[in-house]
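Reviewing the structure listed below.
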Amino acid sequence: MREVMHIVVLGAGYAGLTAVLQLQKKIKKKDIKITLINKHRYHYQTTWLHRCAVGIYSEAYARVDLEPLLKKDLVTLKKEVVRAIHPHQKEVHTDEGIYSYDFLVVALGAEINTSEIPGLDHYAHSIVTLARANRLCNRFITVMNDYKNSQQSDPLHIVVGGGGFTGVELLGELIEQLPKMLAMHQIDANKLKLTLIEKESTVLPEFNLELGEYALARLEEAAVDIKLQTTIKEIKRRTIKIEHGGIVEEIPHDLFIWTAGVSKHSVLQSNAFLSSDQSMALTSELTVQEHPEIYIIGDAIQEKEVTHQGNVLPNADIAIQKGKFVAESIKAQLKGSHTKLIFSFKPYGSRIASIGQHDAIGLLWNKKKVVGNLAARIKRITDHMIVFQMGGARFWYSVFMGASKKK
């Protein structure tokens with residue numbers, strides 16, 4: 001009797017969950033099983049985290065339970081933390097056990113590189129996960145209560161480190177929501193000071209200069225203190241040491257939020273997965289060079305996609321396309337095909353960064369510029385498209401209809 005073929009998928013973000021949803025559609029054989037290992041029993045919408053962080057969306061609203069989405073006769077969900085991958089033994093070690101595999105899909109996402117700046121791990125908040133976004137939302141309330149009770153005359157300083165995609169989207173929401181939050185705590189909105197620190201010469205360097213300048217102008221109109229070409233040297237409990245043009249100074253903060261400097265997941269920081277230059281040693285089939293049964297996709301890679309229209313940083317669109325590609329590649333191999341499938345990113349969607357609820361900047365099909373309220377409306381449509389691309393109508397219904405019941 002033929003042994004059961006085992007596919008293990010690590011992570012239920014955009015890339016990993018897409019791979020599982022597509023695999024369970026494509027696989028009909030009974031001698032195949034899939035194990036999905038994830039830290040939680042839910043998937044969360046990463047593109048909504050900046051809104052969760054300021055209280056627009058609740059934690060429950062952004063969360064989608066995984067169990068109802070999975071075919072129980074094919075897919076087993078394990079709520080466990082991945083500790084290590086041993087490619088030569090074809091094993092995944094978690095905090096609960098050991099799993100052998102025939103195919104492994106690594107989609108664990110990225111992690112904050114806390115070694116980059118002294119104090120980052122102790123004094124910085126972030127929104128890289130739903131749990132962190134929720135903690136930040138609660139922290140806003142604590143900071144405002146403390147500020148009110150202190151009756152100090154100095155401004156309430158909130159500093160955002162990183163003017164890329166995440167930083168600008170978060171700032172856009174902060175500009176709109178913080179005055180309302182301050183009013184609820186009976187704090188004069190004029191006492192708020194928002195500061196953005198970015199090491200590049202403009203914000204949103206992943207877009208083109210014109211769009212970056214548009215976003216920069218909108219932030220400046222909202223009285224955000226923007227410090228460009230400025231590096232963060234150290235973070236302390238109440239101050240941040242920065243450097244600009246060779247001049248080092250310290251600025252105060254009541255709350256510091258880090259939105260940059262993520263790195264590969266820790267389980268991939270080994271020679272088995274890295275080239276001599278420490279980049280991910282992947283083939284054009286998204287597999288590890290020495291281990292063709294291992295696929296690595298999603299933000300776990302943290303590397304640019306090179307297209308004929310330029311470089312594209314990791315995003316949900318790329319993650320979903322890679323998840324679909326992996327499912328198709330594994331399906332072909334299970335059928336006995338020896339034809340190698342080559343991944344090629346197709347920038348057919350939109351790449352849009354919101355600046356609050358009614359303003360945004362972006363590129364359609366990675367080339368046509370769009371700004372303002374029109375871009376914001378397209379952003380909302382894109383939220384629906386991303387979900388539909390992952391798992392079709394059933395998954396879309398689970399996300400949006402399920403979310404509406406949680407309001």
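What you see below is based on every heavy atom in this structure, not just the backbone, and it leaves out hydrogens, waters and symmetry mates.
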Hey, is D317 close enough to K346 for a salt bridge, meaning N to O under 4.0 Å? no

Mind listing the closest non-hydrogen atom pair of S354 and E169 along with its distance? N-OE2, 2.9 Å

Does either side chain, that of H291 or that of Q289, offer a donor lying less than 3.5 Å from an acceptor on the other one? no

So does D225 pair up with K227, basic N to acidic O under 4.0 Å? yes

Can you check whether W396 and F388 have ring centres sitting under 6.0 Å from each other? no

Do K199 and Q229 have side-chain N/O donor and acceptor atoms under 3.5 Å apart? no

Among N38, V82, L268, which residue meets the side-chain contact (heavy atoms from CB on, under 4.5 Å) test with L108? V82

Are a donor atom and an acceptor atom from the side chains of T47 and Y14 found within less than 3.5 Å of each other? yes

Partner residues of E210 under the salt bridge (Lys or Arg N to Asp or Glu O under 4.0 Å) criterion, sequence neighbours left out: K369

Give me each pair satisfying side-chain hydrogen bond (donor to acceptor under 3.5 Å, both in side chains) with a member in residues 118-127, each pair once, sequence neighbours excluded. S126-R132

Any side-chain donor-acceptor pair under 3.5 Å between T35 and H6? yes

Does a donor on one side chain and an acceptor on the other come within less than 3.5 Å for T94 and E96? no

Which side-chain N or O atoms in residues 84-91 pair as donor and acceptor under 3.5 Å with protein atoms at least two apart or in another chain?
{"residue": "E91", "atom": "OE1", "partner": "H93", "partner atom": "NE2", "Å": "3.1"}

Parallel, tilted or perpendicular: which fits the ring planes of Y42 and Y44, with parallel below 30° and perpendicular above 60°? tilted

For the residue pair Q357 and E173, confirm or rule out a side-chain donor-acceptor distance under 3.5 Å. yes

Option among F395, W48, Y61 that satisfies the ring pair (Phe, Tyr, Trp, His ring centres under 6.0 Å) test with F400: W48

Does the Lys NZ or Arg CZ of R218 fall within the cation-pi geometry relative to Y214 - under 6.0 Å from the ring centre and within 45° of the axis? yes

